[in-house]
Amino acid sequence: MTAALASTPPGDAIAAGRAALAAGEPLEAAQLFHAYASAHPSDHESRYWLYSALVAAGERDAADLTMEEARNLHATVVLRATNADMVGFRADKAYCAQVGMQLYAAKLMSAASLCLGRALNFDALDPQLMISYGLSLQHQGRLKEAIDVFTAAADVFASPVVHEFLLQPIFQVHKGMDRLSEEARAWGDRYVAPLTPPNPTFANPRTIDRPLRIGYIGPGFTRNQVAQFFVPVLEAHDPEAVKVHLYCADPDAEVGLPATCAVRKIGGVGNEQVAAMIREDQIDVLVDVWGHFAGSRLPVFGYRPAPVQVAWINFVQSTGLTCMDYVLHCDGMDVPGTEAYFTEKIWSLGELMSPSRPAAQRPDPTPTPALRNGYVTFGSFNNPAKLDEMTVAAWALILRARPADKLVLKYGFFIDPVLQRATRARFAAYGAQPEQLEFRGHSNGPDYLREFQDIDLALDPSPCIGGTTTHDAMANGVPVLANMGDNFYARAAACTVAPLGIPELIAQDWDDYVERALALTADFEALDRLRARIRPAFDASSYRDEAGFTRILEDAFRQMVARWIETSA
């Protein structure tokens, strides 16, 4: 059979395997794909299909090995297409590092990881190279491999900056809630707890009958993903109630900060010196808006520069710091047992965690595109790392039920042809056709906003939910289907959609999610009427009451300070 297949046109062999897979015979399909792959050692396409068939047959371990082989073969093709020196690739680690970083910058993450992995010199490991290698895997959604790399890097270099890269991927895998809680605590105990004075004292006035001094700290505030949620609060703060201090890397890089805010530069300044600044400013409530991401200044909190310390917005999981007093959530995230994951006390702000301001250049609303296309276009503008197996399986079931419909996956890393093909293989394992997926790369400004006009129904992943893109979709009139989820983080998806007052957009579980996706898109006219409700509902929602939310936030801060005064007397 193998000898015969060696002369078989690839299309015929693949078509036969696809037909068997579509007929519900994954083992037969796997035999066909395996025979062809064995006869063609450098063919990646047959191996992608073999992966799909093996997953469908329940052979996960064999499938994962096959996917690794397919990716490596395909990444080598991409590498050759860049005119890389293959002799240098095989023999020169420095050359591999150079090419790997170039590919990383070009967002060709599969070929980048192939090179960066070969570039590692285990006799003289370089932290930046290891971080880049781990990120190149993470950006493809290869989270277990990324975790292995970051775990090794954290053990070798014992650096809070290096170790912090482990916290994001570890949260996105199976039992991630437990693993993150444990690892964040370990990070805090190792790098932050030793900085904390045993009995800190403060010169702050012990009364709440005065303007409170609120300090916000992060790498930046106006040119990153927190801006549309945070800047409205800065602008709405009552200067008679609070005095706002901002601590960021480079104030000159910020745009449009309110004149009422005092801004201090902390880029290039050591953590202890930053803490001294904050103490000198007599900040009552110090708020981290960034969390465990690159650019974090969480070690500053270890010095206890403020009597009340709070985590908010960009990282709603536990920081793992025993010196962090509170983390801000919303009511809908309240799931029994959540407190066990946190070193902080959870403080709910009510319906919202923040306001949400739409882009100033929003294009005018448009009809649902299914009316002109004749088919439904589902969409997700989320990081590939958020597409876990349950999300892929559910979305594939939707596509399998509607062979004419398609799904747009948009993110900068999706320009990588290897990631595209690997993602198609993942969906094909659950019955979707590869041709139903469309990939788009990064865009910004008006071009980014106009792409929402191509989407009939946005699909939110779970348990690693969408964030900024979910708000952008709603603000631009696209209905977003959210899954309720069974933990506080997954539940935030439903919390994000709920303020619009359209309950049909919240599914109770994955079965309900698939049913709702199909029901909501079965009638194009009804879908268009739903779309016509979304933007007005967003604009009329509590998201747009920036002053109202900020009064709630200020009141929460005042209560926190009152508690500190009472408990520290």
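All values below were derived from every heavy atom in this structure, side-chain atoms included, with hydrogens, water molecules and symmetry-related copies excluded.
- Under 4.0 Å is where a charged nitrogen must lie from a carboxylate oxygen, and between Asp539 and Arg362 at least one such pair does.
- Taking the six-membered ring for Trp and thresholds of 30 and 60 degrees, His139 and Tyr104 have ring planes inclined between 30 and 60 degrees apart.
- You'll find the side chain of Ile502 reaches within 4.5 Å of the side chain of Leu530, heavy atoms only.
- Looking at Asp331 and Ser348, their side chains do bring a donor and an acceptor atom within 3.5 Å of each other.
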Which is it for Leu527 and Leu371 under the side chain to side chain contact (heavy atoms under 4.5 Å, CB included) test, yes or no, and what are the steps along the way?
CA-CA 9 Å; Leu527 181 59; Leu371 292 174; over 6 Å; no
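- Of all non-hydrogen atoms in Thr468 and Gln228, the two that sit nearest each other are CG2-OE1, 3.3 Å.
- Between the side chains of Asp281 and Tyr247, at least one donor N or O lies within less than 3.5 Å of an accepting N or O.
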Can Gln361 and Leu449 be said to form a side chain to side chain contact (heavy atoms under 4.5 Å, CB included), step by step?
CA-CA 8 Å; Gln361 67 271 41; Leu449 298 174; 3.7 Å; yes
Does the side chain to side chain contact (heavy atoms under 4.5 Å, CB included) test come out yes or no for Val392 and Phe427, once each step is laid out?
CA-CA 6 Å; Val392 168; Phe427 275 79; 3.8 Å; yes
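- Using a 3.5 Å distance cut-off with no hydrogens or angles, the side chains of Trp395 and Tyr513 do pair a donor with an acceptor.
- You'll find the side chain of Cys261 reaches within 4.5 Å of the side chain of Leu234, heavy atoms only.
- Residues Ile283 and Gly215 approach most closely at CG2-N, 3.5 Å, considering heavy atoms.
- Here OG of Ser132 is found 8.0 Å from CZ of Phe165. Values are rounded to the nearest 0.5 Å.
- A donor-acceptor pair is defined here as one N or O able to donate and one able to accept, closer than 3.5 Å; such a pair exists between the side chain of Asn314 and the backbone of Trp290.
- No side-chain heavy atom of Arg179 sits less than 4.5 Å from a side-chain heavy atom of Phe171.
- When atom types are taken as modelled, the side chain of Arg424 and the backbone of Pro434 share a donor-acceptor pair closer than 3.5 angstrom.
- The shortest non-hydrogen separation linking Gln172 to Ala385 is OE1-CB, 3.9 Å.
- Minimum heavy-atom separation, Arg516 to Glu504: NH1-O, 3.0 Å.
- No side-chain donor-acceptor contact under 3.5 Å links Lys386 and Ser380.
- His245 and Arg264 are not linked by any side-chain donor-acceptor pair at a separation below 3.5 angstrom, with hydrogens and angles left out of the test.
- If you check the side chains of Asp472 and Tyr448, you find a donor sitting under 3.5 Å from an acceptor.
- Expressed to the nearest 0.5 Å, how far CD1 of Ile147 lies from CG of Leu137 amounts to 11.0 Å.
- Between Tyr411 and Phe413, the two ring planes are tilted [angle within 30° to 60°].
- A salt bridge is defined here as a Lys NZ or Arg NE, NH1 or NH2 lying under 4.0 Å from an Asp or Glu carboxylate O, and Arg426 with Glu389 meets this definition.
- Put simply, the side chain of Val310 does not reach to within 4.5 Å of the side chain of Asp288, judged on heavy atoms.
- No side-chain donor-acceptor contact under 3.5 Å links Asp178 and Ser181.
- Here the options are His163, Glu164, Glu183, the test is side-chain hydrogen bond (donor to acceptor under 3.5 Å, both in side chains), and the partner is His292; only Glu164 passes.
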Could you please spell out the steps behind the salt bridge (charged side-chain N to carboxylate O under 4.0 Å, His left out) verdict for Arg372 and Asp454?
CA-CA 10 Å; Arg372 68 172 186 273; Asp454 299 334; 3.7 Å; yes
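- Checked by atom type, the side-chain pair Gln559/Asp555 shows a donor-acceptor distance below 3.5 Å.
- Counting only distance, with no hydrogens or angles, the side chain of Asp512 and the backbone of Ala507 share no donor-acceptor pair below 3.5 Å.
- Proximity of Gln317 to Tyr489: side-chain heavy atoms (C-beta onward) are separated by under 4.5 Å at one or more points.
- Not one N or O on the side chain of Asp545 forms a donor-acceptor pair closer than 3.5 Å with the backbone of Ser541.
- Paired with Arg142 under the rule side-chain contact (heavy atoms from CB on, under 4.5 Å), one option of Gln140, Gln138, Lys144 passes, and it is Gln140.
- Asn487 and Val335 make their closest contact through C-CG2, 3.9 Å (heavy atoms, listed as atom of the first residue, atom of the second, distance).
- With Thr377 contributing its side chain and Ile455 its backbone, the two residues share no donor-acceptor pair below 3.5 Å.
- No donor-acceptor distance shorter than 3.5 angstrom exists from the side chain of Glu554 to the backbone of Val242, with no hydrogens or angles considered.
- Residues Tyr543 and Phe549 place their aromatic rings such that the two centres sit no closer than 6.0 Å.
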Carefully, step by step, assess Arg450 and Asp447 under the rule salt bridge (charged side-chain N to carboxylate O under 4.0 Å, His left out).
CA-CA 5 Å; Arg450 278 192 292 270; Asp447 291 337; 2.4 Å; yes
Please lay out, stage by stage, how Phe342 and His329 fare under the test ring-ring contact (aromatic ring centres under 6.0 Å, His included).
CA-CA 12 Å; Phe342 285 82; His329 282 187; 5.3 Å; yes
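- The shortest distance between side-chain heavy atoms of Asp284 and Trp564 does not fall below 4.5 Å.
- The nearest pair of heavy atoms linking Glu546 to Arg357 is OE1-NH2, 2.7 Å.
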Can you list the steps and then say if Arg223 with Glu254 is a salt bridge (charged side-chain N to carboxylate O under 4.0 Å, His left out)?
CA-CA 7 Å; Arg223 303 175 72 87; Glu254 302 298 315; over 6 Å; no
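- A donor-acceptor contact shorter than 3.5 Å links the side chain of Asp325 to the backbone of Gln309.
- The one candidate from Phe229, Tyr216, Phe230 that meets the ring-ring contact (aromatic ring centres under 6.0 Å, His included) condition with Phe221 is Phe230.
- Atom CZ of residue Arg210 and atom CZ of residue Arg558 lie 8.0 Å apart, to the nearest 0.5 angstrom.
- A side-chain N or O of Thr521 and one of Arg402 form a donor-acceptor pair less than 3.5 Å apart.
- The backbone N or O of Gly466 sits nowhere less than 3.5 Å from a side-chain atom of Thr469 that would complete a donor-acceptor pair.
- When side chains are defined from C-beta on, Phe557 counts as touching Val287, because their heavy atoms get closer than 4.5 Å.
- A 6.0 Å sphere centred on CG of Asp238 holds more than 12 heavy atoms belonging to other residues, nucleotides or ligands.
- Between the side chain of Lys265 and the main chain of Ala249, no donor-acceptor pair closer than 3.5 Å is present.
- Side-chain atoms of Ile170 and Phe150, non-hydrogen and from C-beta on, never get closer than 4.5 Å to each other.
- For the pair Asp456 (side chain) and Val376 (backbone), a donor-acceptor distance under 3.5 Å is absent.
- For the residue pair Gln453 / Thr366, no side-chain donor-acceptor distance below 3.5 Å is found, with atom types taken as modelled.
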Under the side chain to side chain contact (heavy atoms under 4.5 Å, CB included) rule, what do Trp312 and Ser354 come out as? Steps first, then yes or no, please.
CA-CA 9 Å; Trp312 181 43; Ser354 73; 4.2 Å; yes
